[in-house]
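Down below is the structure, laid out as structure tokens.
Every value quoted in this text rests on a predicted model; they were computed, and no experiment measured them. Computed over heavy atoms, backbone and side chain alike; hydrogens, waters and symmetry mates excluded.
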Amino acid sequence: MNSHFNPGERFYELDSLLEAYAQNGFAFSDTPDIPGPGLASYLRIAARNPERAATAVRQIDDLLTTGLFSEEIADEVEYLPRVQPPTGMSVEDCLRIARDHIQAVAQHPGRDLWSKPETRWEWRERFPGISELLGAYFNQDHPDEYASHDEALSDYLSATPGDDLDRVMREVPELLSLVQSESELDQVTETLGLEVLPPNGATLRQWFDYLGSAIATYRQSHP
């Protein structure tokens with residue numbers, strides 16, 4: 001996700017929530033009973049990390065209490081995605097409905113943990129470590145910057161904190177178990193930022209198995 005906010009800023013999680021709507025037509029379409037596709041994608045991510053849901057609720061409350069058009073938060077609100085409410089409703093009305101759905105997830109997390117992402121935003125939120133690896137090291141500039149896939153991987157390993165490497169080690173088997181076919185894996189990895197083919201003679205699945213093993217081996221020697 002290309003956020004205008006860094007973690008810790010006043011509305012960073014609200015920005016992420018609205019980006020989920022942006023991937024689904026920049027429109028609020030939720031009802032009190034049923035979340036629309038944008039909110040549903042956010043809820044599937046939040047169910048895996050209830051602290052995100054709790055943060056989103058706090059930030060929505062902050063915005064609604066302060067006032068959407070308050071000069072106090074004008075600079076922050078200016079950079080939030082512009083999501084349109086349906087006729088007869090305000091943005092504040094829509095945020096209140098979204099808040100209730102998110103609050104339910106914060107109070108009862110764990111649902112939809114293994115459901116498959118449905119949007120580009122959701123895939124990248126679900127697999128942020130892989131998205132960073134592919135988007136930064138195996139993008140369209142890869143052939144100009146590296147002589148081989150292994151050289152790029154070596155650069156990634158040496159430049160990436162251990163916690164982030166551990167996250168990718170967890171994400172690789174989850175991705176491969178979630179995506180069964182090679183054609184779907186091709187689509188998903190493109191969504192996650194991959195813009196080069198795997199090394200000669202390897203399928204995508206084989207290459208990802210190799211990536212996971214290589215990172216694990218590196219972590220054993222660099223705890």
Exercise. Do P37 and Q23 have side chains that get closer than 4.5 Å, going by heavy atoms?
Worked result: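 P37 vs Q23: side chains apart.
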
Exercise. Are P199 and S148 close enough that some pair of their side-chain heavy atoms sits under 4.5 Å apart?
Worked result: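 A side-chain contact is absent here, since even the closest heavy-atom pair is not under 4.5 Å.
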
Charged N to carboxylate O under 4.0 angstrom, [X] versus [Y]?
X: E184; Y: K116; value: yes
X: E19; Y: R124; value: no
X: D61; Y: R58; value: no

Exercise. Are I97 and I34 grouped together when hydrophobic residues (ILVMFWY) are joined by side-chain heavy atoms under 4.5 angstrom apart?
Worked result: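 Hydrophobic grouping puts I97 apart from I34.
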
Exercise. Atom CG of L63 and atom CG of L14: how far apart are they, to the nearest 0.5 Å?
Worked result: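 So the CG of L63 and the CG of L14 are separated by 6.0 Å.
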
Problem set entry | Between N24 and Y42, a side-chain donor and acceptor under 3.5 Å |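 Note: N24 and Y42 side chains miss the donor-acceptor criterion.
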
Problem set entry | Under the side-chain contact (heavy atoms from CB on, under 4.5 Å) test, residues paired with Q103 that sit two or more places apart |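 Only V57, R99, Q107 meet the side-chain contact (heavy atoms from CB on, under 4.5 Å) criterion with Q103.
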
For this session: Could you point out which residue of R10, E71, E72 forms a side chain to side chain donor-acceptor pair (under 3.5 Å) with T66?
Result: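 Result: among R10, E71, E72, R10 is the only option passing the side chain to side chain donor-acceptor pair (under 3.5 Å) with T66.
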
Exercise. Under the side chain to side chain donor-acceptor pair (under 3.5 Å) rule, what pairs show up with a residue in residues 187-202, not counting sequence neighbours?
Worked result: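 For residues 187-202, and leaving out neighbouring residues, there are no side chain to side chain donor-acceptor pair (under 3.5 Å) pairs at all.
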
For this session: Flag yes if more than 12 heavy atoms outside L64 fall under 6.0 Å of its CG atom; otherwise flag no.
Result: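 It does: L64 CG has more than 12 such atoms within range.
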
